Every structure is written in structure tokens, then in C-alpha cells.
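Letters A, B, ... mirror the listed sequences (proteins, then strands); counts begin at 1. Just so it is clear, the model here is predicted, and its values are computed rather than measured.
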Protein chains: 2
Amino acid sequence: MQNHEHMFEAFLVKKELKFTLPRKLILSTVFALHEHFDAEQLYDEVRKASRNVSRATVYRTIPLLVEAGLIQKSVRSEARDTYEHIYGHPRHAHWVCRECGGVLETDMQEICKQLQKRAAVQNFEIAEISLEIKGLCWKCRNNATESQ
Amino acid sequence: MQNHEHMFEAFLVKKELKFTLPRKLILSTVFALHEHFDAEQLYDEVRKASRNVSRATVYRTIPLLVEAGLIQKSVRSEARDTYEHIYGHPRHAHWVCRECGGVLETDMQEICKQLQKRAAVQNFEIAEISLEIKGLCWKCRNNATESQ
DNA sequence: CTGCTAATTGAGAATCATTCTCATCAAAGG
DNA sequence: CCTTTGATGAGAATGATTCTCAATTAGCAG
Ligand SMILES: [Mn+2]
Ligand SMILES: [Mn+2]
Ligand SMILES: [Zn+2]
Ligand SMILES: [Zn+2]
């Protein structure tokens, strides 16, 4: 049993919820994925493992995983909400190109430390940090310059 | 004529779009509001000034204002997208309490400088920065402790 | 193992923010 | 004034997410 399974189970127990088969399947699928995903993609993946899991259960499990601190919302912009697992992954910023939609990730440890300090002062308990920078990537900047 | 009006007009001219009456009204309403707003709230406000502006035009104008760099998406989480005007306002982080929904804003100048440096290295042109921290505010932490 | 109870689930309907359609209107230049 | 073309209003369409409710399952007691 993987560590994230223990964490999710502990979370569910504390909330007096059950660690059911659909929830186990959804959890392991989330941690088998290594990219940003939306509910529909997760649903498709889960269905490959078992056809007996409904879309509703996927949608219902996502907020539980967020509350448990295992995943969080990732880049926004598109219609669908996207997520990424955070357990075992260092926090990172997302640089989103408005032109090509490309997403670059960069380290965010330093900024997190600063925010933790400020959180201590404010007596705020941080659960989730998201830093998103939008603009033009170098590729699209070059294209824009050339075409003038 | 206010400065943000010049900016929007310049933006529209460059894109060969017209600075029409509905667009003027929406723009001035946006800058008369001093809180985060969603499309529906903006629509309601605009309608107080004129009943001849449609919801569709409000929705169509919002992305123009974003592209012009006058507003940007603000705290997410709720169903509706929220926005805030950024022209003339220093960049700030949003601390959102998951319990009470309260939003605290803090300065972000320092972090912005760091990001600008990194942007220069990456040759990325920044248009928009959003930093959102979710967790528990001091009030809700106290409540949680008391009720144990 | 068997029955009991409450939580969970699957399937599909409902919701509702946002986008789209298209007939009408208005800006800008002559 | 015209004319041309983009902009607009009203409401329909879309589509991600949430909700409903009957059927199923987990966890527990006997
Ligand atoms: Mn990421
Ligand atoms: Mn703000
Ligand atoms: Zn790009
Ligand atoms: Zn709070």
C-alpha cells in the first residue's frame, strides 16, 4: 500500500467516510497520471481499470482529494478545471502562454518560504498555493517579431 | 477622459475595433467598482447606467479588457469567474479561507520583482500574475481549536 | 455467516455560467 | 445623407458540474 493511500485512508477515517473500492481506484489512477488532468480525463482513465465507476463518483471524489491535500487545482483558463497531484511533488509556478497555450513549470521553494513566514505572522494555515503567470513565451515572442 | 479610457481606446484602435458606447459604459463601470466582481454583477451595474446593454456584450467585453491589461481574473473557487481591475493597482496576493470564504490581500511587489528577473532569463513576457493561497484564516483556526 | 443501517454509488436529469446565432443597429469614412 | 462592416441584443445552445433517488455496499452486531 502506497503512502498516498495511507494518507487518504487516514483522511477518510477522520471524516468518518469509507475507503471504498471506487475511491481506491480513483486515488490510484490520480497517482498513476503524471500530468495535469481534468475530471473527464480522470474519468476516462479510471474506466480503463473498471467500467463500474461513474462520472458522478469521480466528481465527488475530487474535492475529497483536494481537502486531503493530495491534489490541487492546476492551471486555469480552459473551460474545465484542471488538477495535479501535489503529494510528493515540490511546489512549482505555472507560466502559461496566452498565444500557444504552452505551460512551463518553475521551482517555487523560495517564494513558498517567504509566504510561510508571512502566514506565521498572519496566523494563516496554508493548505494550497498557486502561482500562475500568464503572458507570451519566447517562441511566440519571436514569431510576433518576425511577422512584423 | 480618464487614463484607462485612453488605454482601452488605444488597444481597440490597434486591434481595429471600435470604441462604442456599450464598451465605454462597461469600461467606466469596471473602474467605478472597487471590489472583485463577476460578469453578472458587472452586468447589473452597467444596467443601472443603461438598460440598452446586453449580457452578451458584457461577456464579450471582459476578455477585451483582460487582453488590454486593464483587468484580470481574481480569486477562483466559486462557480463564476471573478475579476478585478489592475490598472493603477499594485499587484497583490489573495489569501482565501476555505472555511469562511474570506479573502485577505497582501502586497506582492517583492515577489513580482523576482518573477520579472526570471521572466527576463526565460524571455517570457509577463502580462498577468496571480498568486492565490488557500487555507484557514486565524478566525477559523481559533474556532476550530475552541470547539475541540 | 447473516441481517441491519447508514453511507455510497450509478445513471441520468437538472442547473447555470458562458458562448453562440442571427437579425438588426451603429460607427466611420466618403 | 449613403455604405460597408463590425457590433449589438435577445434568446437559444452548450457543456461542465451538481443533484436526485433508487439500488448497492461497507461496517458492524448477533
Ligand atoms: Mn504543474
Ligand atoms: Mn484583489
Ligand atoms: Zn507561446
Ligand atoms: Zn476563515
Calculate the interatomic distance between [X] atom [atom1] and [N] atom [atom2]; express it in whole Å.
X       : N      : atom1 : atom2 : result
A:Ile26 : C:dT8  : CD1   : P     : 13 Å
B:Glu9  : D:dA7  : CD    : C1'   : 16 Å
A:Leu17 : C:dA6  : CG    : P     : 16 Å
B:Glu40 : C:dC16 : CD    : C1'   : 10 Å
A:Lys73 : D:dA16 : NZ    : C1'   : 12 Å
A:Lys24 : D:dT25 : NZ    : P     : 14 Å
A:Glu16 : C:dT8  : CD    : C1'   : 15 Å

Mind jotting down which residue pairs meet the salt bridge (charged side-chain N to carboxylate O under 4.0 Å, His left out) criterion with at least one end in residues 87-96 of chain A? Sequence neighbours excluded, please.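 For residues 87-96 of chain A: none.
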For B:Ala119, does its backbone N or O pair with a side-chain atom of B:Gln122 as donor and acceptor, under 3.5 Å?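 Here the side-chain-to-backbone pair does not exist.
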Checking contacts here: which listed nucleotide ([options]) is nearest the side-chain heavy atoms of [X]?
X       : options                : result
B:Arg47 : D:dT17, D:dA16, D:dA10 : D:dA10
A:Arg80 : D:dA10, D:dT17, D:dA7  : D:dT17
B:Ala39 : C:dT18, D:dT17, D:dA7  : C:dT18
B:Arg23 : C:dT18, D:dA7, D:dT17  : D:dA7

Could you check whether B:Asp81 gets within reach of a base, just the sugar-phosphate, or nothing at all, counting any heavy atom under 4.0 Å?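 If one applies the 4.0 Å heavy-atom cut-off, B:Asp81 turns out to touch the sugar-phosphate alone, with no base involved.
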With a 3.5 Å cut-off and sequence neighbours excluded, list the donor-acceptor pairs that the side chains of residues 18-32 of chain A form with protein atoms.
from	atom 1	to	atom 2	distance (Å)
A:Arg23	NH1	A:Lys18	O	2.7
A:Ser28	OG	A:Lys24	O	3.4
A:Ser28	OG	A:Leu25	O	3.2
A:Thr29	OG1	A:Leu25	O	2.7

Donor-acceptor contacts under 3.5 Å from residues 97-106 of chain B side chains, at least two apart:
from	atom 1	to	atom 2	distance (Å)
B:Arg98	NH2	A:Glu128	OE1	2.4
B:Glu105	OE2	B:His36	NE2	2.9
B:Glu105	OE2	B:His92	NE2	3.3
B:Glu105	OE2	B:His94	NE2	3.2
B:Thr106	OG1	A:Arg118	NH1	3.2
B:Thr106	OG1	B:Trp95	NE1	2.9

Would you give me the side-chain donor-acceptor pairs under 3.5 Å for residues 59-68 of chain A, sequence neighbours excluded?
from	atom 1	to	atom 2	distance (Å)
A:Thr61	OG1	A:Thr57	O	2.7
A:Glu67	OE1	A:Lys15	NZ	3.3
A:Glu67	OE2	A:Lys15	NZ	2.9

If the condition is salt bridge (charged side-chain N to carboxylate O under 4.0 Å, His left out), which residues does A:Glu125 pass it with, not counting sequence neighbours?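 A:Glu125: salt bridge (charged side-chain N to carboxylate O under 4.0 Å, His left out) contacts with B:Arg141.
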In this structure, are over 12 heavy atoms from other groups packed under 6.0 Å from B:Glu16 atom CD?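 For B:Glu16, atom CD is not crowded (no more than 12 foreign heavy atoms under 6.0 Å).
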Write out a two-atom table: protein N or O, nucleotide N or O from nucleotides 27-30 of chain C, distance below 3.5 Å.
none

Can you list, by chain and residue number, the hydrophobic cluster partners of A:Val13 when the side-chain cut-off is 4.5 Å?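 For A:Val13, no cluster forms, as it stays isolated from other hydrophobic side chains.
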Checking one residue: A:Val121. Which other hydrophobic residues are in its cluster under the side-chain 4.5 Å linking rule?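 Besides A:Val121, the cluster holds no residue at all.
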Name every residue in residues 53-68 of chain A that has at least one heavy atom under 4.0 Å from any atom of DNA chain D, in order of residue number, or write none if there are no such residues.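 The answer is A:Ala56, A:Tyr59, A:Arg60.
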